[in-house]
Amino acid sequence: SAVISQKPSRDICQRGTSLTIQCQVDSQVTMMFWYRQQPGQSLTLIATANQGSEATYESGFVIDKFPISRPNLTFSTLTVSNMSPEDSSIYLCSVEEGPYEQYFGPGTRLTVT
Amino acid sequence: AQTVTQSQPEMSVQEAETVTLSCTYDTSESDYYLFWYKQPPSRQMILVIRQEAYKQQNATENRFSVNFQKAAKSFSLKISDSQLGDAAMYFCAYRSYAGNTPLVFGKGTRLSVIA
């Protein structure tokens with residue numbers, strides 16, 4: 001399976017600031033997915049990132065708050081902008097590897113104070 | 001839209017015993033995939049087992065097996081010979097048959113293993 005790394009693994013940020021999370025994959029993949037996992041909750045899809053095009057956001061998530069970049073087939077970033085304590089969550093990226101299985105990065109634990 | 005329901009927020013099992021985690025889903029699609037993921041305290045999501053809806057045979061991976069009932073839209077996970085390392089959150093997930101589509105997760109079941 002693909003090896004996926006995320007940076008940072010955790011961070012503590014002040015409200016009003018922004019954090020960019022990086023996701024690196026050791027192979028080329030068409031689609032990358034960004035999920036949020038709020039404390040004690042399940043995973044919720046934020047957006048789908050396809051290389052060379054704008055990310056597709058789920059209901060309740062907007063580009064101004066969660067801008068995503070996908071500059072190539074092995075890398076993506078998710079920025080959490082103008083953070084508030086409600087943004088405290090684990091953020092995970094995932095990729096699909098043939099033919100239909102999805103594998104996840106180790107996650108980024110974000111705490112907003 | 002598809003939904004996944006896990007009705008057991010918490011379960012416990014004695015070491016070496018067998019436990020079954022329940023999952024039901026709702027979909028109008030005829031072809032799809034179902035998964036069980038394990039999330040230990042390290043928070044890494046680990047794929048445990050997968051099932052293609054077009055296969056009647058239940059998937060098995062070592063001590064993990066599923067009971068897939070397509071008509072009932074049920075997809076339970078059985079863990080045999082439970083080990084302390086099995087303690088984790090378990091998430092049931094659905095994926096449409098179309099390629100590169102995201103997963104829809106249930107709320108999860110926290111499994112405790114008692115020594």
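So you know, we letter chains A, B, ... as the sequences are listed, proteins then strands, and number each from 1.
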> Could you give the distance from CD (A:Glu96) to OG1 (B:Thr101), rounded to the nearest 0.5 Å?
Replying inline: 6.0 Å
> Do A:Leu45 and A:Met31 share a hydrophobic cluster, counting only Ile, Leu, Val, Met, Phe, Trp and Tyr and linking them when any side-chain heavy atoms are less than 4.5 Å apart?
Replying inline: yes
> With a 4.5 angstrom heavy-atom cut-off, which part of B:Gln6 approaches chain A: side chain, backbone, both or neither?
Replying inline: neither
> Under a 4.5 Å heavy-atom cut-off, does chain B meet the side chain of A:Thr108, its backbone, both or neither?
Replying inline: backbone
> Which pair of non-hydrogen atoms, one from B:Pro102 and one from A:Phe33, has the smallest distance, and what is that distance?
Replying inline: N-CE2, 3.6 Å
> Would A:Val112 and A:Ile46 show up in the same hydrophobic cluster when neighbours are defined by side-chain heavy atoms closer than 4.5 Å?
Replying inline: yes
> Do B:Gln39 and A:Gln37 have side-chain heavy atoms sitting under 4.5 Å apart?
Replying inline: yes
> Looking at B:Phe35, B:Phe105, B:Tyr97, which one has more heavy-atom pairs under 4.5 Å with chain A than the rest?
Replying inline: B:Phe105
> With a cut-off of 6.0 Å (strictly less than), are more than 12 heavy atoms of other residues, nucleotides or ligands near NZ of B:Lys78?
Replying inline: no
>> With a 4.5 Å cut-off on side-chain heavy-atom distances among I, L, V, M, F, W and Y, is there a chain of contacts connecting A:Leu92 to B:Val104?
In response: no
>> A quick test of your reading: do over 12 heavy atoms of other residues, nucleotides or ligands sit less than 6.0 Å from CD of A:Glu54?
In response: no
>> Quick check on the hydrophobic clustering: are B:Leu111 and B:Leu77 connected, directly or via other members, by side-chain heavy-atom contacts under 4.5 Å?
In response: yes
> So how far is it from B:Gln44 CD to A:Ile90 CD1, rounded to the nearest 0.5 Å?
Replying inline: 11.0 Å
> Are the side chain of A:Ser42 and the backbone N or O of B:Gly108 linked by a donor-acceptor pair below 3.5 Å?
Replying inline: no
> So which part of B:Arg43 gets closer than 4.5 Å to some heavy atom of chain A, the side chain, the backbone, both or neither?
Replying inline: both
> In terms of heavy-atom proximity below 4.5 Å to chain A, should B:Leu47 be classed as side chain, backbone, both, or neither?
Replying inline: side chain
> Do B:Tyr37 and A:Leu43 touch side chain to side chain, with heavy atoms closer than 4.5 Å?
Replying inline: no
> Going from CD on A:Gln41 to CE on B:Met89, what distance comes out if it is rounded to the nearest 0.5 angstrom?
Replying inline: 9.0 Å
>> Please determine whether the number of non-hydrogen atoms from other residues, nucleotides or ligands lying under 6.0 Å from atom CG of B:Asn62 exceeds 12.
In response: no
> Is it true that atom NZ of B:Lys107 has more than 12 heavy atoms of other residues, nucleotides or ligands lying nearer than 6.0 Å?
Replying inline: no
